[in-house]
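Each chain gets a letter, A, B and so on, in the order the sequences are listed, and its residues count up from 1. If you're wondering where the values come from, they're calculated on a predicted model, not measured in any experiment.
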Amino acid sequence: MAAHYLSVEQVEMTFETKGATTNVLKEISLGVERGEYISIIGHSGCGKSTLLNIIAGLTESTSGAVILDGKEVNAPGPDRSVVFQNHSLLPWLTVYENVSLAVNKTFARSKSKTERHEWILKNLEMVGMSHALNKRPAEISGGMKQRVGIARALSMEPKVLLLDEPFGALDALTRAHLQEEVMRIQDELGNTVIMITHDVDEAVLLSDRIVMLTNGPSARIGEVLNIDLPRPRNRIALADDAKYNHYRQEVLRFLYEKQRKVESLAEHREKAAPISSAKKAHA
Amino acid sequence: MNTSTRSDTLAKTMFSIGPSLLCLRDTLVQKVLPPVVILALLMGIWEILCSSPTASLPAPSQVISDTWELIINPFYDYGGNDKGMGWQILASLERVAYGYLLAVVAGISLGVLVGQSTWALRGLDPVFQVLRTVPPLAWLPISLAGFQDSTPSAIFVIFITAIWPIIINTSVGVRNIPEDYRNVARVIRLNGYEYFTRIMLPAAAPYIFSGLRIGVGLSWLAIVAAEMLIGGVGIGFFIWDAWNASMLSDIVLALVYVGIVGFFLDRIVAFIGNLVTRGTTQS
Ligand SMILES: Nc1ncnc2c1ncn2[C@@H]1O[C@H](COP(=O)(O)OP(=O)(O)OP(=O)(O)O)[C@@H](O)[C@H]1O
Ligand SMILES: [Mg+2]
């Protein structure tokens, strides 16, 4: 078995809160190659964020391991920078300072002061935010905040870029715009990216591979779909593309047909094992 | 012809300054007029109530004529306790400054400790909740016994009065730091000191300042009472002295000063708070 750039091996996650235990993730194994763009898709609450946080090192898995570039991940770090769902810029810092906080810390030794300054400007330019260097997050739009969040994550030169529903809170037009930007940057830099989404079009348009999670509790990887579409991709041209629509349908079928089945299966299981449902009622 | 052009320009300038004059007049009417009217009304009532020769309290006119020497000459110094009102106030302010600054440093430190550590919260919170209900003056005998000297005792009373709201507000602020900010700090790998200065203090600043504001008000409340008991130069003992000499007008004047100084202390802390937390209040 060839070693992957990033491999998630037999990861399990069980939360314990006030006596009740919830098994969120079960036997998650996944290999990611360098430069690959992976999407993780699944219904709300199935454990996508939990999985991403485990890869980021922000959450410790109950069992299993995450190995990046030959080293086991056990703490968060700039080599796995995260773009959080709600931008999470620091409101008391300007756009420039939000990025410089990350850059000055990550490259404190390896870059000189002027080099760091230029690197900050370069990353903000890449996401088209050069015009607002001295604005505070409260003074810019939601789309702009997300751009700055992306610039901050990219500026750390991560081995893997982790995106947790990066465009979830944006309107459709802004979202499309930012998707284009991310595709362009990805072409340019060849980053390894793992992105969480629940937007089917977004997943097919951006990814090399789509990982579909089954419904929780105990979510597993249900299916993995390879997206074999040439890059650069154009959303308008792809709208009529037979292959693209086929991929779309595959994902839709998984989410809306197969997952419904799993739901009824879960109900069925509960009927068969009244003890577990009694436990839940107690909790 | 000539005159008509002149009147034209006159009309124009009238127009251009007209709005700003109107605006100024509006703010005068809305902001300044109501307090002036109320104040005049209250003074009038007071004057009428106390104008009879048998009245036990002096009327405003009486107060002014009695204390005219003190009003026009706030910085005289005849040695001993016989000093102008300015010196009395400054002496009180000095004590408040020492006690309050100590409370700020200790209160923020303890607040951070309690906010950060669940163990410290469980251990210290009940203690704080009990101690904070002890009236400021109840501390005075103990601190006199402990310090054997009046000045440190007064400072201690200020300290112990002001510290509780600072501790409690700081700990609430620290506990309410959004998980996202912590995660950002962990991904960037900020060390403890950087986390404290770059994330924790700015994020908790609005809470900290509301504690500081309550604290400064309480310490000014406590100083007057404390000084009445310990003597020496200070506005509190001035009032006590005037009472013993039956100089009621002096007391009234002192009360006016105490009120005005307390008002400005509150405003100064609020002003600094606004400066510091500018931008922190979230979008
Ligand atoms: N710290 C925690 N303690 C207990 N349970 C948790 C914790 N974090 C998450 N969970 C549970 O784990 C499950 C998965 O949560 P997660 O946030 O990963 O879902 P998600 O797939 O990202 O959902 P969404 O699409 O709505 O963001 C949820 O049922 C949630 O209640
Ligand atoms: Mg999520």
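- Here the closest non-hydrogen pair linking B:Asp180 and A:Asn86 is OD2-OD1, 2.7 Å.
- Closest of all the heavy-atom pairs between A:Lys105 and B:Ile188 is CG-O, 3.4 Å.
- Residue B:Trp87 places its CH2 atom among 12 or fewer non-hydrogen atoms of other residues, nucleotides or ligands, all under 6.0 Å distant.
- Other residues, nucleotides and ligands place no more than 12 heavy atoms under 6.0 Å from the CD1 atom of B:Ile142.
- Within a 6.0 Å radius of CZ in B:Arg267, no more than 12 heavy atoms belonging to other residues, nucleotides or ligands are found.
- Residues A:Thr106 and B:Arg189 have side chains not in contact (no heavy-atom distance under 4.5 Å, counting atoms from C-beta outward).
- With hydrogens and angles ignored, the 3.5 Å screen pairs a side-chain donor or acceptor of A:Trp92 with a backbone N or O of B:Arg198.
- Here the shortest heavy-atom pairing between B:Tyr181 and A:Leu89 reads CE2-O, 3.8 Å.
- Residue A:Lys111 qualifies as enclosed at atom NZ: its count of foreign heavy atoms under 6.0 Å is above 12.
- Evaluated for a side chain to side chain contact (heavy atoms under 4.5 Å, CB included) with A:Leu58, the options B:Arg186, B:Arg182, B:Glu179 yield exactly one hit, B:Arg186.
- More than 12 heavy atoms of other residues, nucleotides or ligands shown are found within 6.0 angstrom of CD on A:Glu72.
- Heavy-atom distances place both the backbone and the side chain of A:Leu101 under 4.5 Å from chain B.
- Neither the backbone nor the side chain of A:Ala56 comes within less than 4.5 Å of any heavy atom in chain B.
- The environment of OH in B:Tyr98 is sparse: at most 12 heavy-atom neighbours from other residues, nucleotides or ligands sit within 6.0 Å.
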